[in-house]
Amino acid sequence: YIFSDSLECNIGVADEIPDRTRVRNAVKTANIEDYVESLPLRYDTKIGADGQGLSTGQKQRILIARAVYKDPAYIFFDEATNSLDANNEKTIMDNMKLFFKNRTVVVVAHRLSTVKNADTIVVLEKGKIVEPEYCRDFLSRHPMRCINDRFYTVDGQLPDESKLKRTIYEEISPWLHAKVAQTVEQIIKALKLAAYADPLPLQCDRIHVTNGTYFLDGTFTEEREYCGNRLPVSYRADAPAPEHWLHFLSELLEPEDIPALQEYLGYCLIPSTKGQKMLMLIGKGGEGKSRIGVVMNAIFGLNMNTTSIQKVENSRFARADLEGKLLMLDDDLDMNALTKTNYIKSIVTAELRMDLERKREQSYQGLLYVRFLCFGNGALTALHDRSDGFFRRQIILTTKDKPVDRFDDPFLAEKLIAEKEGIFLWMLEGLRRLIANHYHFTISQRAKDNITSAVRDANNILDFLDSEGYVAFKADY
């Protein structure tokens, strides 16, 4: 309320004799100094009851100056600047920043610009909180980016939004009376808009790990940056050799095939498809090849997807699930021949964006750099594709037969996972060798013969042409 008194007394109403210095500071903060100084009597100018002779904006600024003069610990501004133009409002709010420090301030306003610097923003409609719009505050406390509708922190992609929703619920529940779940969903949508960021660049010169960033030139830094793929494994240059892992592989594969596996697993550490290969590990069953998948899950974490080649080729939604993944594992290769192979071949050699689709969403162009690792009892075959391109994209390694008297350690997986930091160094060695060889894998003669055999098995006409006795020619007389 504006009293019938001088400007100074209206501002310094808390004191019987106002402090002129404090009044001047308050007037300056409220951005009304120019007006006061333009008056003949300046601070001694008499004001009529209820501010007669003053504009609505001048009244608001005098009241703001009064609040500043009082120097309170708690401040409530209810539409305190709604009659001011944008420039005046901005000047006042900028002046108030220092004044607000170490105070509890509640600001009610219709314009978002008035409260944009608040720690917490709550939106009201018809007297009820319908959407606590505290995105700015939330993201300052929980830094995130939203890329392709997914949340990322410096730790990598969030596994799901459930934990995030729980955090939001705990923060807003004191303000809500109903529709809690609906409000949380609204905030998630708002956060995605506030945290929107362009896709991160593909970085094939470094690997993001739990404790920092490893560069392929051999350097390592503990600094962490936003990235598309952060592995849940630490880089330790002094990690011991993975003895259980190396012994396991020596029993699983022939020595000449281990370098190809080492290079391929290392190849999966970076978001690149330059190798243009997928790896098939074929055995009769019971050899323990699935243990490789368990170890890879421990090293790749959320950067690995477990599904089937058949599903990727035939389901238009399955391909979108591979976006942002480094590795896809098919732990039990379907022996049925693929009816189509165009998508599989395109993903293995992907260099351009391709059409992806998610349920209930419009299709979009996405970039895939996932690599395929498949375990099965037979090679991958196609019903109609007999082309060289289909088999040329495969590396086929066959396992040793399981010894009849071999003892299977039920704790082997746990022992292998315990060596994951050493296995990671082993994979890095394979990656460096692959890059030095211009992304050409070390393919043994045994593995080459496997491809030849797979081609012949898929194309019976070759055996027919090489056979004798099926066709006989005789003189026609």
Side-chain angles (χ1 to χ4, degrees), residues 1-125 127-129 132-138 140-141 171 174-175:
Y1 186 80
I2 302 293
F3 302 100
S4 179
D5 207 332
S6 67
L7 268 171
E8 183 177 71
C9 289
N10 265 286
I11 293 171
V13 70
D15 296 332
E16 186 175 346
I17 302 177
D19 184 314
R20 178 61 64 90
T21 301
R22 288 172 56 196
V23 170
R24 287 181 180 275
N25 288 336
V27 164
K28 187 174 182 179
T29 300
N31 197 34
I32 197 173
E33 185 178 28
D34 290 346
Y35 169 72
V36 175
E37 293 294 336
S38 70
L39 299 173
L41 298 178
R42 295 183 175 83
Y43 293 93
D44 294 324
T45 301
K46 296 292 184 179
I47 303 175
D50 198 25
Q52 290 181 8
L54 297 175
S55 69
T56 306
Q58 289 169 340
K59 292 179 185 178
Q60 285 192 327
R61 282 181 283 173
I62 289 174
L63 293 175
I64 291 172
R66 180 188 293 173
V68 173
Y69 181 89
K70 287 183 176 181
D71 195 26
Y74 299 91
I75 305 172
F76 295 87
F77 280 173
D78 187 358
E79 296 289 4
T81 60
N82 67 333
S83 295
L84 300 179
D85 59 71
N87 290 333
N88 261 315
E89 181 187 53
K90 182 180 185 304
T91 301
I92 292 172
M93 297 313 294
D94 287 343
N95 292 343
M96 296 290 276
K97 285 180 183 178
L98 183 60
F99 178 71
F100 285 161
K101 190 174 182 180
N102 298 322
R103 305 174 197 270
T104 300
V105 182
V106 177
V107 179
V108 179
H110 277 86
R111 289 189 292 227
L112 182 61
S113 58
T114 309
V115 296
K116 65 180 182 180
N117 294 318
D119 295 318
T120 301
I121 300 174
V122 178
V123 177
L124 298 171
E125 183 179 334
K128 295 182 179 180
I129 299 173
E133 186 64 74
Y134 59 32
C135 296
R136 183 183 182 89
D137 171 66
F138 191 89
S140 69
R141 291 180 288 111
E171 292 193 4
W175 302 88

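The first residue in the sequence is number 1, and the count goes up from there.
In terms of heavy-atom proximity, Ala65 sits nearest to Ala26 at O-CB, 3.2 Å. Scanning all heavy atoms of the two residues, the minimum distance from Pro72 to Ala67 falls at CD-O, 3.3 Å. Arg22 approaches Tyr69 most closely through the heavy-atom pair NH2-O, 2.5 Å.
Judged as a side chain to side chain donor-acceptor pair (under 3.5 Å), and not counting sequence neighbours, Asp19 has no contacts.
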